[in-house]
Amino acid sequence: MNTGLFIFDTKERELKEVCAKNGFEVQIYCCGPTVYRDAHVGNLRTFLLGDLITRTLVFSGIAANLIQNITDVGHMGEDFDGNEVGEDKMLAQSKAESVDPFDIARKYEASFHRDLANLNVTPAANYPRASETIPLMLELISNLIKSDHAYVGSDGCVYFAANSFEGYGDISGNRLDALKPGHRYEYVDDGAKRFHADWALWKAAENRTQMIWDSPWGPGFPGWHIECSAMSLHFLDGNVDLHLGGIDLRFPHHENERAQSNSAAGYEVVENWVHGEHLLFEGRKMSKSAGNVVLLTDVIAKGLDPLSLRLCFLENRYRSQMDLTWDSLKAANTTLERWRGKYQNWKDSGDLDQKFLADFAEGSIADIKNDLDTPRALQQLRKLEKDELISGATKAACFEVMDQIFGLELLKGQAPKAELTPELAQLLDDRRVARLEKDFAKSDLLRDQLATLGILVKDTPAGQEWNWN
RNA sequence: GGUCGGAUGGCCGAGAGGCGAGGCUCAGGACUGCAAAUCCUGCUACACGGGUUCAAAUCCCGUUCCGACCUCCA
């Protein structure tokens, strides 16, 4: 079943129409978070991609089935210099916080869901946890061993034989022979792997005591890549119409996943590999060492609507690197407030032009269906905002329709203001009276005083208005 | 070294060979007692060198510079 939605496929390097192979529902898999810390705004950009696609499909009357995994085991870490620490990220954080690793996982999983809710992301159909799908992985690994795509190394770990999969490198453009030198890493031949590019499907526990499971190859834990193969094959019935993830996952994660899935299934499992570009913050890549990691809670703490972040993301194409700044977030926040205010004024004014509404929606959806060109769709909205020939009711209706996809809560009225203290109320009233008496020296003084107390006053033809700063 | 992207005005960013996107900032104006908000006006750019074309930001060739990934990452 065709959808009319075209998205750039990393493997074919061209736009491809999204299709529901099973004829009734688009099957989507999105690589989820490793829950050893809070997701930063860069992570959230990728997660928004899944929401944007699902909303677009659902808007067009097409069902979507989105699965997003929760990695709570097996993701190995490194230190900031890029040296392998060789420790599971979950266990490292568990030590750092002196908390059980599973409690760490649940804690950050909860904050992941809280962030998604704040960004108005429609929840996925299922968020399977790696730690709860071990049997699926064991079965997959067994199959890969049976078909000679995997082998047990001398160290008791199970490895995938990279050379056994013919199309290795098609997504990233990397070739196995070109990878050999290991530009950044000295390849250490420990003898366990048969080939330097092979990777672990199952790691032997050795000294590890937490987060380990029994397996036909002894106690241990799964490699990171196998989890996505196992889950996507199982939860999406062996067919993935769209596979989403950050650009950095293109290699090696998705390359390895594809090798595993295709080798097990015997056919091309993923129809379309979609990658979201990275986000910079104030011109630099976000990293702990650079100290510029920004969380959604930081945005909220600055008094900005979390949906300001959503608007910033929508104003940039998912496939281009974008530089997020506090200025752009503030600008987005202002825009949101303006739109919400205007919507309230528009909705009951004038006649609704059904024809215009239908044309407008069709045009905007066409932009979005063209490789998710939300910047262009938003530009249409800005143009409409300024168009004096269109009635308020029609503008409001257009905003309503488009907000089903943008998810910016444009229909929301002003948030109720927090209660004034009697002192502040008195100051405001004093100023009102001073203005009535045309004692402007006094009213200006009171305005300054209120400003230092966190209240912004402005005068309109209807009188004095105030807002918390 | 390999692979993949970029280079557009003060800043950020769209651009479909030919009537200059848009946003932010800034400056001037309107409205205000003054501010604020709002509205109006202004600020004309495509890295460099060739080529194709009646016409190039857009297509082709070359050059320079920048970024991402290369067995960590969204």
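We name chains A, B, ... by the order of the sequence lines, and we start the count at 1 in each one.
Residue whose closest nucleotide on RNA chain B sits further toward the 5' end, between A:K438 and A:N316: A:N316. Between A:N43 and A:K458, it is A:K458 whose nearest contact on RNA chain B lies nearer the 5' terminus.
Between the CD atom of A:E277 and the P atom of B:rG13 there is a distance of 13 Å, rounded to whole Å. Rounded to whole angstrom, the span from the CG atom of A:L314 across to the P atom of B:rC12 amounts to 21 Å. Rounded to an integer number of Å, the gap from A:W466 CH2 to B:rA36 C1' is 16 Å. Here B:rU71 presents its C1' atom at 15 Å from CD1 of A:I171, a figure rounded to the nearest Å. Between the CG atom of A:N174 and the P atom of B:rC72 there is a distance of 13 Å, given to the nearest Å.
Closest to the side chain of A:Q321, out of B:rG67, B:rC72, B:rG13, is B:rG67. Of the candidate nucleotides B:rG33, B:rA74, B:rC4, B:rC4 has the atom lying nearest to any side-chain atom of A:R250. Closest contact between the side chain of A:R447 and the listed nucleotides B:rC73, B:rA35, B:rA74 involves B:rA35. Closest approach to the A:A197 side chain among B:rC73, B:rU71, B:rG33 is made by B:rU71 (side chain taken as heavy atoms from C-beta onward).
The partner of B:rC39, taking Watson-Crick or G-U wobble pairs whose two distances both stay under 3.5 Å, is B:rG29. Across all strands shown, nothing is found opposite B:rU71 as a Watson-Crick or G-U wobble partner with both distances under 3.5 Å.
Note on ring orientation: taking the six-membered ring where Trp is involved, the planes of A:H254 and A:H243 are perpendicular (angle over 60°, cut-offs 30° and 60°).
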Encode nucleotides 21-28 of chain B as B, S and - characters from 5' to 3', where the letter depends on protein heavy atoms closer than 4.0 Å: B to the base, S only to sugar-phosphate, - to neither.
BSS-----
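Dashed line: the shortest gap from a side-chain N or O of A:R431 to OP1 or OP2 of B:rG33 is not under 4.0 Å. Residue A:K342 has a polar side-chain atom (N or O) positioned under 4.0 Å from OP1 or OP2 of B:rC39. Close to B:rA14, at under 4.0 Å from its OP1 or OP2, lies a side-chain N or O of A:S320.
Counting heavy atoms from C-beta outward, A:L44 and A:L119 have side chains that approach closer than 4.5 Å. Contact check for A:S391 versus A:W346: no side-chain heavy atoms found under the 4.5 Å cut-off.
Using a 4.0 Å heavy-atom criterion, one finds that A:G276 contacts no nucleic acid atom at all. Contacts of A:H40 with the nucleic acid, taken as non-hydrogen atoms under 4.0 Å apart, include base atoms. Residue A:T325 is out of contact with every strand shown, counting any heavy-atom pair closer than 4.0 Å. Here A:S172 lies in heavy-atom contact (under 4.0 Å) with sugar-phosphate atoms only. Contacts of A:L44 with the nucleic acid, taken as non-hydrogen atoms under 4.0 Å apart, are absent. A:R317 comes within contact range of the sugar-phosphate backbone alone, with a heavy-atom separation under 4.0 Å but no base atom that close.
Between B:rU53 and B:rG13, the distance separating the two C1' atoms is 29 Å to the nearest Å. Spacing of P atoms, B:rA56 relative to B:rA45, comes out at 15 Å, to the nearest Å.
When each of A:L242, A:L244, A:L236 is tested with A:Y29 by the rule side-chain contact (heavy atoms from CB on, under 4.5 Å), just one qualifies, namely A:L236. Residue A:Y168 forms a side chain to side chain donor-acceptor pair (under 3.5 Å) with just one option from A:N163, A:N262, A:N256, and that option is A:N256.
Remark: the A:D459 side chain and the B:rC34 base include a donor-acceptor N/O pair separated by less than 3.5 Å. For B:rC4, its base never sits under 3.5 Å from the side chain of A:R13 at any donor and acceptor pair. Judged by distance alone, with hydrogens and angles left aside, A:H196 brings a side-chain donor or acceptor within reach of the base of B:rU71, the pair sitting under 3.5 Å. For a distance-only test at 3.5 Å, the side chain of A:R45 fails to qualify as a donor-acceptor partner of the base of B:rA74. Judged by atom type and distance alone, A:D444 reaches the base of B:rG33 through a side-chain donor-acceptor pair under 3.5 Å.
Taking OG1 from A:T394 and CG from A:L389, the interatomic distance works out to 11.5 Å, rounded to the nearest 0.5 Å.
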Given the rule in the ring pair (Phe, Tyr, Trp, His ring centres under 6.0 Å) test, do A:Y159 and A:W199 qualify, once you have shown the distances and angles that lead to the verdict?
CA-CA 5 Å; A:Y159 293 99; A:W199 63 92; 9.7 Å; no
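Separation of the A:Y318 and A:F313 ring centroids does not fall under the 6.0 Å cut-off.
A salt bridge is absent between A:K412 and A:E337; no separation between the charged side-chain nitrogens and carboxylate oxygens falls under 4.0 Å.
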